[in-house]
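None of the values given here were measured: they were computed from a predicted structure. We count residues from 1, following the sequence as given.
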Amino acid sequence: MEEKTRPGKDEYYLGIAKAVCKRSPCIRRQFGAIIVKDDVIISTGYNGPPRGVVNCTEVGCLKDEKDVPHYRSYEWCTAVHAEENAVINAARHGTSVLEGKLYLFGREYKTDEVFEGRPCDRCKRTLINAGIKEVITKRPDGTVLKKDVEEWISEETKNYLKQLEKAREESG
């Protein structure tokens with residue numbers, strides 16, 4: 001008889017985030033996010049357009065038409081990101097995400113290839129302000145990666161000051 005292994009909590013929640021990502025209508029990359037607080041799933045979200053707005057599986061992808069690389073030119077995409085949708089969905093139901101953990105799973109739509117689901121700068125800022133304490137994702141090799149959201153605060157400050165200094169040098 002084959003021995004069955006019970007997955008650890010991170011693997012368990014990442015498996016649920018993977019299932020959530022399959023709801024995404026994005027034909028490039030799909031993301032699924034779940035927010036867990038006190039070992040209870042309090043919200044889910046996947047990347048896709050605002051409720052009721054046409055999506056890429058229905059009409060095609062503008063970023064593909066313009067040959068825009070991933071993590072760029074968000075103005076060409078109507079999608080609300082998975083992390084944002086998880087926070088928004090909790091708010092729609094009056095549920096606090098403060099001190100929660102966000103599990104994020106990403107995959108390529110066409111190949112089903114897993115990639116490290118790293119939040120973009122916009123989502124990092126959303127998660128900081130929402131009070132999420134940790135983001136857990138999976139690397140393509142299957143290892144689990146944990147990121148303390150507090151670290152992003154100093155990174156954001158450092159990046160902003162560097163950009164400000166560069167802009168002043170260029171203009172002066």
After noting the C-alpha distance and the side-chain angles of Phe105 and Val114, does the key distance pass the side chain to side chain contact (heavy atoms under 4.5 Å, CB included) rule? CA-CA 8 Å; Phe105 188 90; Val114 174; 3.5 Å; yes
Review item, side-chain donor-acceptor pairs of residues 151-163, under 3.5 Å, at least two apart:
unit_1	atom_1	unit_2	atom_2	d
Glu151	OE1	Lys147	NZ	3.0
Ser154	OG	Glu151	O	3.1
Glu155	OE2	Lys147	NZ	3.4
Glu156	OE1	Arg125	NE	2.8
Glu156	OE1	Arg125	NH2	3.3
Thr157	OG1	Ile153	O	3.1
Asn159	ND2	Glu155	O	3.3

Validation: residues 59-68 side-chain donor-acceptor distances under 3.5 Å, sequence neighbours left out:
unit_1	atom_1	unit_2	atom_2	d
Lys63	NZ	Arg72	O	2.9
Asp64	OD1	Arg28	NE	2.7

Using distance only, find each side-chain donor-acceptor pair of residues 164-172 under 3.5 Å and give its atom names and separation, not counting sequence neighbours.
unit_1	atom_1	unit_2	atom_2	d
Ser171	OG	Ala167	O	3.2
Ser171	OG	Arg168	O	3.3

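Here the straight-line distance linking atom SG of Cys123 with atom CG of Asn47 works out to 9.5 Å at 0.5 Å rounding. Expressed to the nearest 0.5 Å, how far OG of Ser24 lies from CD of Gln30 amounts to 4.5 Å. Taking CD1 from Ile136 and CD from Glu11, the interatomic distance works out to 11.5 Å, rounded to the nearest 0.5 Å. In this structure, CG on Asp112 lies 4.5 Å from CZ on Arg107, to the nearest 0.5 angstrom.
What you find for Val97 and Ala130 is that their closest heavy atoms are CG2-O, 3.5 Å. Here the closest heavy-atom approach between residue Gly32 and residue Cys21 is recorded as N-CB, 3.1 Å. Considering all non-hydrogen atoms of both residues, Thr78 and Pro49 come closest at OG1-CB, 3.4 Å. Among all heavy-atom pairs drawn from Val54 and Glu58, the shortest one is CG2-OE1, 3.2 Å. Taking each heavy atom of Gly45 and Asn85 in turn, the nearest pair found is CA-CB, 3.9 Å.
Judged as a salt bridge (charged side-chain N to carboxylate O under 4.0 Å, His left out), the pairs with a partner in residues 81-92 (not counting sequence neighbours) are, in order, Glu84-Arg122.
Here the side chains of Leu104 and Phe31 are in contact, with some heavy-atom distance below 4.5 Å. Between Ile34 and Leu102 the shortest side-chain heavy-atom distance does not fall below 4.5 Å. No side-chain heavy atom of Ile42 sits under 4.5 Å from any side-chain heavy atom of Val36. The side-chain heavy atoms of Glu116 and Leu145, taken from C-beta on, include a pair separated by under 4.5 Å. Taking 4.5 Å as the limit, every side-chain heavy atom of Asn129 sits out of range of all side-chain heavy atoms of Thr126. Looking only at side-chain heavy atoms (C-beta outward), Leu127 and Val87 come within less than 4.5 Å of each other.
A continuous path of Ile, Leu, Val, Met, Phe, Trp and Tyr side chains, each step under 4.5 Å between heavy atoms, connects Ile41 with Val20, placing both in one hydrophobic cluster. A chain of hydrophobic side-chain contacts below 4.5 Å, direct or via other Ile, Leu, Val, Met, Phe, Trp or Tyr residues, connects Val144 to Tyr12. Note: the hydrophobic cluster containing Leu98 does not contain Ile132 (ILVMFWY, side chain heavy atoms under 4.5 Å, direct or indirect links). Linking Ile, Leu, Val, Met, Phe, Trp and Tyr residues whenever their side-chain heavy atoms come within less than 4.5 Å places Phe115 and Val135 in a single cluster.
Remark: Lys133 pairs with no residue by the side chain to side chain donor-acceptor pair (under 3.5 Å) rule, at least two apart or across chains. Contacts of Glu113 classified as salt bridge (Lys or Arg N to Asp or Glu O under 4.0 Å), with partners at least two apart in sequence or in another chain: none. In terms of the side chain to side chain donor-acceptor pair (under 3.5 Å) criterion, residue partners of Asp10 (sequence neighbours excluded) are, by chain and number, Tyr103, Lys146. For Glu108, the salt bridge (Lys or Arg N to Asp or Glu O under 4.0 Å) partners at least two apart in sequence or on another chain are Arg29. Considering only residues two or more places apart in sequence or on other chains, Asp38 meets the salt bridge (Lys or Arg N to Asp or Glu O under 4.0 Å) condition with none of them. Under the ring pair (Phe, Tyr, Trp, His ring centres under 6.0 Å) criterion, Tyr46 pairs with no residue, sequence neighbours left out. Considering only residues two or more places apart in sequence or on other chains, Asp141 meets the side chain to side chain donor-acceptor pair (under 3.5 Å) condition with Thr143. Partners of Asp39 by side chain to side chain donor-acceptor pair (under 3.5 Å), not counting sequence neighbours, listed by chain and number: Lys9, Tyr13.
Surrounding NZ of Lys124 are more than 12 heavy atoms belonging to other residues, nucleotides or ligands, all under 6.0 Å away.
Side-chain polar atoms of Asn89 and Ser43 form no donor-acceptor pair below 3.5 angstrom.
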